[in-house]
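For reference, the structure discussed in these notes is given below.
As the structure lists them, so they are numbered: ligands from 1, and atoms in each ligand from 1.
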Amino acid sequence: MSLFAAKRRSGAIRFEDLTLGYDRHPAVHHLDGEIAAGSLTAVVGPNGAGKSTLLKAIAGALSPLDGRIRIGTGEKPRIAYLPQAADIDRAFPIAVYDLVAMGLWGRSGLFGGIGRKQQAAIGEAIAAVGLTGFERRAIGTLSGGQMQRALFARLLLQDAAIILLDEPFTAIDARTTADLLDLVRRWHAEERTVVAVLHDMEVVRRVFPETLLIAREPIAWGETASVLTPENLLEARRMIEAFDPHAAVCEKAAA
Ligand SMILES: Nc1ncnc2c1ncn2[C@@H]1O[C@H](COP(=O)(O)OP(=O)(O)OP(=O)(O)O)[C@@H](O)[C@H]1O
């Protein structure tokens, strides 16, 4: 697709003593390090570990309480963000075609109009997720798996150097998960930076070369096999159980 021309390998994400939170209550503490441009990284950890918070911050939807996030070098690369299914309004009266077409807004503008080339790209994206024939269906009538396919088609059109996926396969059937994982592999082969919050360790081990394990603070980060050890997973659980959710200040910063 000629429309797909995002600058590849431009999507490095660097964390510098990053602290994130809500109403001054920290949810993620002291994260330092870099997600390399073109890498494929899983973010895992117990419930409440701060995984979604981290993705929101990378997407620019949440400002750091402390530290910073540096994205790319020079011109900021395009970021595509798929929130958790629970955060997406399925009651919005919109057809599959129009939902997918929204992926072009970043480049055409809201009222930029859709030409023949764009129409072909939308059709190709819908075909790539197996939804040809569903173009005029209202999204409220789709199954969970079909909705996720439509959202992945929109991501395809966004043509972003950085793609953020928050629990993309939760409550999604095996066939759809396998098809959408093929798209994730394709994005990785295209040297886009892909970061996904996941709970299925089997999928992480099989598909994601890099893993960040967090439990409010980073427990381990690097090659997946060396991160997902029983010791690290136990440590992550212990950290979350010991965490005081009402802590107002960061202990490390205050020390
Ligand atoms: N909008 C918000 N306002 C206040 N606190 C929030 C908000 N969103 C998340 N939190 C809190 O921040 C902490 C981290 O939440 P987050 O959703 O990032 O965790 P998670 O690792 O994605 O969890 P899960 O696996 O359950 O989705 C939790 O204690 C949560 O209650």
Side-chain angles (χ1 to χ4, degrees), residues 13 15-33 35 40-69 71 79-90 144 147-148 151 155 162-172 177 180-181 184 193-205 207-208 210-222 224 227-230 232-254:
I13 305 165
F15 307 116
E16 295 175 0
D17 198 21
L18 179 68
T19 294
L20 302 169
Y22 304 91
D23 307 322
R24 301 294 307 163
H25 293 282
V28 173
H29 298 240
H30 303 295
L31 183 59
D32 266 303
I35 295 176
L40 176 53
T41 303
V43 179
V44 304
N47 291 126
K51 306 179 295 295
S52 297
T53 300
L54 182 62
L55 244 58
K56 275 182 205 153
I58 300 170
L62 183 71
S63 301
L65 293 181
D66 213 348
R68 56 186 300 171
I69 303 177
I71 308 252
I79 300 177
Y81 169 49
L82 180 64
Q84 280 187 22
D87 293 340
I88 294 167
D89 182 7
R90 299 260 322 259
M147 180 65 185
Q148 206 64 344
L151 291 167
L155 290 172
I162 297 174
I163 300 171
L164 309 171
L165 309 169
D166 197 346
E167 298 195 25
F169 311 122
T170 298
I172 298 297
T177 299
L180 299 182
L181 277 169
V184 168
T193 308
V194 183
V195 183
V197 172
L198 296 165
H199 282 287
D200 185 338
M201 296 302 144
E202 191 272 323
V203 166
V204 174
R205 287 196 170 91
V207 180
F208 289 75
E210 309 282 324
T211 295
L212 165 59
L213 171 61
I214 57 169
R216 303 279 186 158
E217 55 187 79
I219 304 293
W221 188 0
T224 294
V227 168
L228 294 185
T229 62
N232 285 339
L233 293 169
L234 189 68
E235 169 72 359
R237 219 170 317 134
R238 202 188 56 74
M239 291 286 293
I240 286 296
E241 281 162 11
F243 188 81
D244 173 7
H246 304 298
V249 290
C250 170
E251 284 166 30
K252 268 194 195 169

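With contacts defined as side-chain heavy-atom distances shorter than 4.5 Å, the pair K51/H199 qualifies. Counting heavy atoms from C-beta outward, L228 and L233 have side chains that approach closer than 4.5 Å. Counting only heavy atoms from C-beta outward, the side chains of T41 and V194 never approach each other to under 4.5 Å.
Evaluation of the side-chain hydrogen bond (donor to acceptor under 3.5 Å, both in side chains) rule for T53 yields Y22 as partners, not counting sequence neighbours.
The nearest pair of heavy atoms linking A215 to I240 is CB-CG1, 3.8 Å.
Here is the list of ligand 1 atoms found below 4.0 Å of a heavy atom in T53: 14 (C), 15 (O), 16 (P), 18 (O). The contact set between ligand 1 and A49, taken as ligand atoms under 4.0 Å from a residue heavy atom, comprises 19 (O), 20 (P), 21 (O). The distance from ligand 1 to the heavy atoms of E167 drops below 4.0 Å at these ligand atoms: 25 (O), 27 (O).
Heavy atoms of G45 come nearer than 4.0 angstrom to ligand 1 in no pair at all. Within the 4.0 Å heavy-atom shell around ligand 1 one finds P46.
For the 3.5 Å distance criterion, the side chains of Q84 and S52 qualify, holding a donor opposite an acceptor.
Between K56 and ligand 1, no pair of N/O atoms sits closer than 3.5 Å. For a threshold of 3.5 Å applied to N or O pairs, the pair formed by Q84 and ligand 1 contains at least one separation below that value.
Residue contacts with ligand 1, taken as heavy atom pairs separated by less than 4.0 Å, involve A27 solely via side-chain atoms from C-beta onward. With a 4.0 Å cut-off on non-hydrogen atoms, H25 does not touch ligand 1 at all.
Note on E202 versus R205: no salt bridge recorded, every NZ/NE/NH1/NH2 to OD/OE distance being 4.0 Å or above.
Of the candidates H199, R216, K51, the one placing a heavy atom closest to atom 28 (C) of ligand 1 is R216.
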